Amino acid sequence: MSTSRTGRVILGVNVLVLGYLPAAWQSRRLHPESFIDPAYWHRIGRLAERATLDAVFLADAPALGDPTYDANAGRFDPTVVWSHVAAATERVGLIATASTTLNDPFELAQRFLSLDHLSGGRAGWNIVTTRHGTAAANFGLPEIPERENRYARAAEFVDLVLALWDSARTGEEVHHRGEFFEFDGRLRVPPSRQGRPALLQAGGSAQGRALAGRRADAVFAAELTKEGAIRHYNEVKRHAVEAGRNPDSVKILPGLLVSLGSTEEEARRRSDELHDLGPASYSVQWLSQAIGYDVSKLDLDDKFPEEVLAAMLDPRHPGGSIGFRQSIHERIRKTNPTIREYLRETRYTGSGHGGFVGTPEQLVDHIEDWWRSGAVDGFNLQPDLLDDGLEVIADEVVPLLRKRGLFRHEYETDTLRGHLRAASA
Ligand SMILES: Cc1cc2nc3c(=O)[nH]c(=O)nc-3n(C[C@H](O)[C@H](O)[C@H](O)COP(=O)(O)O)c2cc1C
């Protein structure tokens, strides 16, 4: 661990609607339709801003989720939610996920630059290519295109959106002729306070890491082991250098599921309660969709079969996101558990995304260790429950990070891209 690292940690919060487990709505302050209440979103934005977090973040896959593994099957459009929250906040970044497979570059460029203006330069676009066949059906596609094609489209899509945002600055028309898009024209929106929205990227395959290195300001990653995180970190920074960029201009921010308590036992009890209140099959279903294999067909007291582990690393394997598959594979190889042991352990360590169950002090130790080890530039925290889980982050975790000189005491800038840059030494 390098004690000499300077700069500070970047912290976002990935608002998994009510929380990352299906029983979140049963907590004392929530109910199944809390996410429909506009005041709920204002509360989340203001809480994150009180904690001087860099950003709030929303995932998106334009389809009704499958409740057997999606804790929050119903969701709002992320850019609409953040437009509402922009009016109630002044500094916190507002990052919305949108797919390059299921959107149009002109419409997306206009939508995100509009949000950037309405928020005073705080918008971020999390670039995904979406692998869900259900989402494809909503757009008249017989199936979701295979990964190579999705990322080729994503690369052209992002370059066209950047050219459109640039046309807002130069006033010049864009004339684009590519494999996926033809375009002549320009945006009707002037450049925003931060010039253009920040770009994030989520998808840990080789193609995803290359796209991130070439274009992203930050990466939303999935890392279960520090070794895997360091490899991902170095690979994206290398792609950035090859693209002629300063490697520090792309920040690596893995998700981190957090369940906190005043003691480790209390945190574990909280995590167990939330897991046990949900359907018993949930973690098996979630794992099955993440690795693209029906785990319920296996004997849970056996180890993971070699062919299942091999498929997780095979880019041709259609199921799941490679980002999550690789992270899960690393973890299994490291601890060699039976399936049941894996499901039990990962209650406290996360499955797909890293997880943390413990006290605020222990969480800060974990954040500092991974940051000083060069595994991350920060984390996209995913509280087990919104909003009381976010309150503990604001009231206990952030003050401890500040005491160690690892986090801001107040916002140094008023744009999202400014916040990301301010974290550098
Ligand atoms: C950390 C992480 C977050 C993701 N979030 C989303 C999301 O919100 N919406 C979506 O459609 N895909 C999401 N994906 C999946 C990928 O963007 C996309 O489906 C891609 O095809 C699979 O990525 P990969 O194979 O490059 O890992 C996410 C992937 C990762 C690793």
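As the structure lists them, so they are numbered: ligands from 1, and atoms in each ligand from 1. Just so we're clear, the structure is a prediction, and the values are computed from it rather than from any experiment.
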Counting non-hydrogen protein atoms only, what is the nearest one to [atom]? Give residue, atom name and distance.
atom: atom 12 (N) of ligand 1; result: Val128 CB, 3.8 Å
atom: atom 19 (O) of ligand 1; result: Arg131 N, 3.1 Å
atom: atom 30 (C) of ligand 1; result: Phe324 CE1, 3.5 Å
atom: atom 20 (C) of ligand 1; result: Thr129 OG1, 3.1 Å
atom: atom 11 (O) of ligand 1; result: Thr130 OG1, 2.7 Å

Side chain or backbone, does [X] bring an N or O within less than 3.5 Å of an N or O on ligand 1?
X: Gly323; result: yes
X: His353; result: no
X: His132; result: no
X: Gly204; result: yes
X: Gly208; result: no

Checklist entry - Where does Arg325 meet ligand 1, judged by heavy-atom distances below 4.0 Å: at the side chain, the backbone, both, or neither? => result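 For Arg325, no heavy atom sits under 4.0 Å from ligand 1.
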Checklist entry - Is ligand 1 under 4.0 Å from a heavy atom in the side chain of Gln207, in the backbone, in both, or in neither? => result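 It is neither; nothing of Gln207 touches ligand 1.
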Checklist entry - Just checking, is any N or O donor in the side chain of Thr130 or Ser99 under 3.5 Å from an acceptor N or O on the other one? => result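 Checked: Thr130/Ser99 side chains pair up, N/O donor to acceptor below 3.5 Å.
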Item to check | Any side-chain donor near an acceptor of the partner, Glu412 and His419, under 3.5 Å | outcome: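 No pair is found: no donor N or O on one side chain lies under 3.5 Å from an acceptor on the other.
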Distance under 4.0 Å to a non-hydrogen atom of [X]: what atoms of ligand 1 satisfy this?
X: Ser205; result: 24 (P), 25 (O), 26 (O), 27 (O)
X: Ala59; result: 8 (O)
X: Ala202; result: 2 (C), 3 (C), 4 (C), 16 (C), 17 (O)
X: Ser321; result: 22 (C), 23 (O), 24 (P), 25 (O), 27 (O), 29 (C), 31 (C)
X: Arg150; result: 20 (C), 21 (O)

Checklist entry - Where do Tyr69 and Tyr282 land on the ring pair (Phe, Tyr, Trp, His ring centres under 6.0 Å) test, with the steps shown first? => result CA-CA 6 Å; Tyr69 65 76; Tyr282 182 78; 8.1 Å; no
Item to check | Pairwise side-chain contact, Leu253 with Val376, heavy-atom cut-off 4.5 Å (strictly under) | outcome: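 No. Closest side-chain heavy atoms not under 4.5 Å.
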Checklist entry - Got Leu102 and Leu141 here, is their nearest side-chain heavy-atom distance under 4.5 Å? => result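 Leu102 reaches Leu141 side chain to side chain.
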Next on the checklist: Could you check whether atom CZ of Arg316 has more than 12 heavy atoms from other residues, nucleotides or ligands sitting under 6.0 Å from it?
Outcome noted: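 Incorrect, the count does not exceed 12.
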Next on the checklist: Is it the case that over 12 heavy atoms from other parts of the model lie below 6.0 angstrom from the CD atom of Glu227?
Outcome noted: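 Buried by this count: over 12 neighbours within 6.0 Å.
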Next on the checklist: Among Tyr20, Trp286, Phe324, exactly one meets ring pair (Phe, Tyr, Trp, His ring centres under 6.0 Å) together with His353. Which residue is that?
Outcome noted: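 Option passing the ring pair (Phe, Tyr, Trp, His ring centres under 6.0 Å) with His353: Phe324.
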Item to check | Derivation and outcome, salt bridge (charged side-chain N to carboxylate O under 4.0 Å, His left out), residues Lys226 and Asp369 | outcome: CA-CA 9 Å; Lys226 190 162 68 170; Asp369 173 37; 3.0 Å; yes
Checklist entry - Checking salt bridge (charged side-chain N to carboxylate O under 4.0 Å, His left out) for the pair Asp414/Arg91: CA distance, chi angles, key distance, verdict? => result CA-CA 5 Å; Asp414 56 4; Arg91 295 297 180 96; 5.1 Å; no
Item to check | Minimum non-hydrogen distance to atom 10 (C) of ligand 1, winning option of Thr97, Asn14, Leu200, Asp60 | outcome: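 When every heavy atom of Thr97, Asn14, Leu200, Asp60 is considered, Asp60 comes closest to atom 10 (C) of ligand 1.
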Checklist entry - So is Arg75 actually on top of Phe35's ring, under 6.0 Å and inside 45° of the axis? => result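 No, Arg75 does not sit over the ring of Phe35.
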